[in-house]
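Single-structure report; data block below.
Predicted model only: the values in this text are computed from it and were never measured. Along the sequence shown, the residues carry numbers beginning at 1.
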Amino acid sequence: MDEKDWKQERERLDEVIAVISSTAKELEERKGGIKDRVLDLRKNFWEDVTVNLDEPDDIIETQASLKQQAELLSERERSHGQLSEQLKTLSRLKESPYFGRIDFQADGESQTDKIYLGIASLMDEQEEDFLVYDWRAPISSLYYDYPPGRAEYQTMDETITGELELKRQYIIRNSELKGMFDTGLTIGDHLLQSVLGHNASTQMKSIVATIQKEQNQIIRNEKNDLLIVQGVAGSGKTSAALQRVAYLLYRYREVLSSDNMVLFSPNPLFNSYVATVLPELGEENMQQTTFHEYLEKRLGGRFDIETPFAQMEYYLSAMDEEEYDIRVAAMTFKASLGYKKLIDQFVAELQTDGVEFRNIVFRGEVIILKEAIADHFYQLDAAMSLPNKMEETAKWLLQEVDKYSRQQLSEDWVLEEGQLLEKEDFLEVYKKLQEEDELSDDPYYDFVREEQLLRKKIIDDNFYPLKAKIKRMRFVNPEKTYRKLFMERESGRRKVDLPENWAEICRQSLDYLTAKTLTWEEAAAYLYFYNKLIGFQVNRTIRHIFIDEAQDYSPFQFAYFKEIFPYSRMTLLGDINQAIYAHASEEPTLLSADMEEHHERITLTRSYRSTKPIAEFTKSFMPGGDIIEAFNREGEKPTVAEVADKDKLHQSIREQLKRYVDKDYQTIAVICKTMQESREAYQMLKEIFDIKLMDEEAYTFQKGILVIPAYLAKGIEFDAAIIYNASATQYSRDLERNLLYTACTRAMHHLAVFSLGDSCRFINQVPADLYERA
């Protein structure tokens with residue numbers, strides 16, 4: 001840049017900073033005034049309310065006065081909160097008001113508009129012109145999508161065409177202009193090099209300054225209800241998805257809030273890692289959960305639900321167990337749509353026979369037999385759905401319970417229960433007598449009426465839990481009904497291609513159900529069956545679902561998602577090369593190219609996380625790895641070492657860790673294949689280094705040295721990564737290659753791979769010039 005440009009840009013930056021400071025000062029004063037008013041309102045709330053309860057009209061007036069005062073207080077508190085949020089945004093803007101500029105002359109216009117882009121909009125002091133445009137504004141898409149030349153952008157009503165005359169990037173830190181440069185189509189490598197060359201953070205950062213064209217397609221996509229993003233490791237797919245959330249909240253701010261969105265993430269650790277991205281952009285975090293947490297909320301207490309990581313541990317380390325092959329076959333089949341078809345057929349048969357019920361019991365006595373419930377259920381119209389029949393049966397049961405409860409009014413146990421009532425209960429009955437105006441001069445009459453009311457209260461209190469259970473459909477026995485799916489007589493007649501060892505799978509499944517355990521592959525299937533039997537709790541409030549690491553979800557699980565979120569748009573993110581669950585070996589994943597759903601697919605092939613040497617190393621042992629483009633960030637080649645015994649392995653890893661610590665790397669991971677191996681590594685290292693063992697209960701990601709199994713490290717990046725043992729005995733199956741790829745691609749700046757004995761065949765596929773032998 002010449003001196004004139006540099007001087008003009010610095011002067012403009014100073015002017016913008018001054019406006020930010022002035023606006024912030026004004027908002028602080030307004031905020032202080034509102035705060036004082038809120039405190040006064042709270043302090044004098046009752047003094048400003050007219051309270052008179054003598055006459056009905058007075059009561060109405062009092063209620064109106066209370067409502068008015070409460071609404072006034074609420075409005076002031078809301079204004080105070082909005083000003084606080086505006087001040088937070090201004091504080092972020094002051095640090096770095098903008099990161100880019102485009103000069104655009106629209107066709108038919110004589111003047112060129114200079115558009116500066118930042119994380120939020122900023123008006124001048126007269127509130128007439130934009131000093132900074134929000135990166136999500138329609139015109140801002142020009143910055144991400146076009147080089148200088150002909151360009152266009154879409155508004156709400158039309159397409160604006162014109163000439164993009166300039167595209168400029170800025171590096172602004174602490175309100176100071178540190179650098180700027182003009183650039184072409186992609187956001188310049190200078191800025192990306194600067195951002196990517198830093199140490200890894202314990203929190204994912206916003207990428208609005210470095211969004212690439214293909215990432216912008218994800219962020220602003222509004223065409224399809226289902227968007228699938230297949231992105232190689234380190235391609236920024238999760239970052240782009242979170243910017244997409246911010247864009248949608250901006251674009252549809254009148255009708256959409258963060259409460260209408262939910263992110264299904266791979267584990268709680270990942271939730272912690274991405275928790276700051278949206279607040280950085282001035283938006284509230286959307287709901288974040290894992291699929292296991294979701295299942296626990298609906299089935300917890302009735303079953304122990306295996307976690308996906310426990311299933312993974314079994315798949316990776318239990319090969320010597322007698323039932324292993326049966327379980328792995330079950331993992332694959334129960335993930336498939338074939339298993340869903342089997343359940344659907346089973347449910348269809350239950351329309352005419354087979355649903356199991358429970359007796360209705362009160363005080364240890366059966367008052368309605370389960371056989372009577374079944375008779376009533378199957379006498380209902382055969383055309384009715386099972387959930388509708390359940391509703392009608394529940395209504396009938398409540399009527400029968402009401403009849404029985406009236407018969408119990410005169411029983412001796414009722415007054416015996418009355419002796420246990422609290423003083424407040426007697427006062428409630430006395431108040432009821434007053435309301436009925438039944439108090440008379442006849443003490444005997446009052447005594448009789450009081451006893452009647454006491455009996456009724458005791459009956460109502462005692463029958464309430466039973467009625468509540470009936471309303472919750474607890475008269476059905478779904479577990480016992482579901483077991484019939486695995487009875488040979490029942491399952492043998494269904495027209496589904498069953499696995500060859502289906503009989504063994506059935507036996508194993510019944511054993512798990514008897515132990516009140518749902519395996520991970522069974523959990524979604526059971527809940528799907530339960531909902532088909534009782535009725536789906538359809539969620540109408542969620543408008544958009546984001547599923548990260550979508551390749552780990554089975555076709556069955558996705559089918560369940562569509563049942564419970566029928567009105568939601570979905571964004572699926574993942575990398576088919578990181579499919580590490582057993583079902584992915586035979587069943588298609590949600591990212592498979594032959595997915596039947598109508599969708600739009602965006603593929604990200606450029607990897608930004610790792611240095612070029614690391615990216616070239618990792619892609620070389622993956623099928624189809626040629627499509628992966630390594631970002632041109634130089635660094636050291638990965639090191640590969642084969643050692644003869646565990647003592648040598650541990651010594652070598654300790655020496656490598658010391659080198660990383662001396663380089664001042666902030667986040668270092670020792671990545672193992674399983675949790676068992678992670679514990680072994682942790683025990684070996686904890687006496688020498690300040691180190692943390694990460695398991696599936698870990699909820700926060702901290703700086704330092706971590707020991708972590710590969711499947712928990714998904715989506716997270718580290719300055720340096722050490723692969724604990726990539727030997728031939730550890731990694732041999734195709735899915736284990738995916739696991740190794742996942743582990744190696746966590747490294748940003750350096751990767752070291754150790755093997756106890758010979759390296760696995762995947763490492764041996766890597767050309768020798770892509771790594772250093774240690």
Just how far is it from atom NZ of Lys25 to atom OG1 of Thr23, taken to the nearest 0.5 Å?
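Going from the NZ atom of Lys25 to the OG1 atom of Thr23 covers 12.0 Å.
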Indicate the ring-plane relationship of [X] and [Y], choosing parallel, tilted or perpendicular according to the 30° and 60° boundaries.
| X | Y | answer |
| --- | --- | --- |
| Tyr144 | Phe99 | tilted |
| Tyr294 | Phe565 | tilted |
| His749 | Tyr665 | parallel |
| Tyr170 | Tyr98 | perpendicular |

Are the side chain of [X] and the backbone of [Y] linked by a donor-acceptor contact shorter than 3.5 Å?
| X | Y | result |
| --- | --- | --- |
| Arg136 | Ala246 | yes |
| Arg746 | Asp719 | no |
| Glu293 | Thr290 | yes |
| Glu15 | Val19 | no |
| Ser121 | Asp134 | yes |
| Ser607 | Ala233 | yes |
| Gln666 | Asp664 | yes |
| Asp124 | Glu127 | yes |

Are side-chain heavy atoms of [X] and [Y] found at a separation under 4.5 Å?
| X | Y | answer |
| --- | --- | --- |
| Thr745 | Asn577 | no |
| Arg543 | Leu256 | yes |
| Leu93 | Ile119 | yes |
| Asp552 | Gln578 | no |
| Leu740 | Ile723 | yes |
| Met286 | Ile545 | no |
| Met261 | Leu248 | yes |
| Arg569 | His544 | yes |

For Glu163 and Phe104: C-alpha separation, side-chain torsions, deciding distance, then whether side-chain contact (heavy atoms from CB on, under 4.5 Å) applies.
CA-CA 6 Å; Glu163 193 75 17; Phe104 181 70; 5.8 Å; no
Evaluate the salt bridge (charged side-chain N to carboxylate O under 4.0 Å, His left out) criterion for residues Arg101 and Asp182: first the C-alpha distance (whole Å), next the side-chain angles of each, then the deciding distance (0.1 Å), finally the verdict.
CA-CA 9 Å; Arg101 165 186 161 186; Asp182 293 346; over 6 Å; no
Test: [X] cationic atom under 6.0 Å from [Y] six-membered ring centre, within 45° of axis:
| X | Y | answer |
| --- | --- | --- |
| Arg12 | Tyr116 | yes |
| Lys167 | Tyr143 | yes |
| Arg244 | Tyr247 | no |

Flag the pair [X] and [Y] as a salt bridge only when some basic side-chain nitrogen lies within less than 4.0 angstrom of an acidic carboxylate oxygen.
| X | Y | value |
| --- | --- | --- |
| Glu9 | Arg168 | yes |
| Glu636 | Lys663 | yes |
| Asp5 | Lys7 | no |
| Glu85 | Lys88 | yes |
| Asp129 | Lys114 | no |
| Asp145 | Arg220 | no |
| Arg173 | Glu176 | no |
| Arg609 | Glu717 | yes |

Please report the closest heavy-atom contact between [X] and [Y], naming both atoms and the distance.
| X | Y | result |
| --- | --- | --- |
| Glu549 | Gly715 | OE2-N, 3.7 Å |
| Pro613 | Gly635 | CG-O, 3.2 Å |
| Ile542 | Ser568 | O-OG, 2.6 Å |
| Leu751 | Ile614 | N-CD1, 4.0 Å |
| Ser140 | Trp135 | CB-O, 3.2 Å |
| Pro97 | Leu13 | CG-CD1, 3.7 Å |

Establish, from distance only, whether the side-chain atoms of [X] and [Y] form a donor-acceptor pair under 3.5 Å.
| X | Y | result |
| --- | --- | --- |
| Ser21 | Lys94 | yes |
| Asn260 | Ser258 | no |
| Glu125 | Ser22 | yes |
| Gln230 | Asp575 | yes |
| Glu634 | Thr611 | no |
| Thr605 | Glu629 | yes |
| Asp548 | Ser265 | no |

Crowded around [X] [atom1]? As in, over 12 foreign heavy atoms under 6.0 Å?
| X | atom1 | answer |
| --- | --- | --- |
| Glu222 | CD | yes |
| Asp662 | CG | yes |
| Asp107 | CG | yes |
| Arg92 | CZ | yes |
| Arg10 | CZ | no |
| Glu158 | CD | yes |

Verify side-chain contact (heavy atoms from CB on, under 4.5 Å) between Val753 and Phe617, making sure each step is shown before the conclusion.
CA-CA 11 Å; Val753 181; Phe617 175 88; 4.3 Å; yes
Side chain to side chain contact (heavy atoms under 4.5 Å, CB included) test vs Val229 passes for just one of Gln215, Glu600, Arg601, Lys237, namely Lys237
For Tyr153, run the side chain to side chain contact (heavy atoms under 4.5 Å, CB included) check against Thr159, Ile139, Thr161 and tell me which one passes.
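Single pass found, and it is Ile139.
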Going through the checks in order, is the side-chain contact (heavy atoms from CB on, under 4.5 Å) test met by Val274 and Asn285?
CA-CA 10 Å; Val274 302; Asn285 260 325; over 6 Å; no
Between Phe264 and Tyr553, does the ring centre distance come in under 6.0 Å?
no
Output, in order, the C-alpha distance, side-chain angles, deciding distance and verdict of side-chain contact (heavy atoms from CB on, under 4.5 Å) for Lys612 and Phe631.
CA-CA 6 Å; Lys612 187 173 182 179; Phe631 178 69; over 6 Å; no
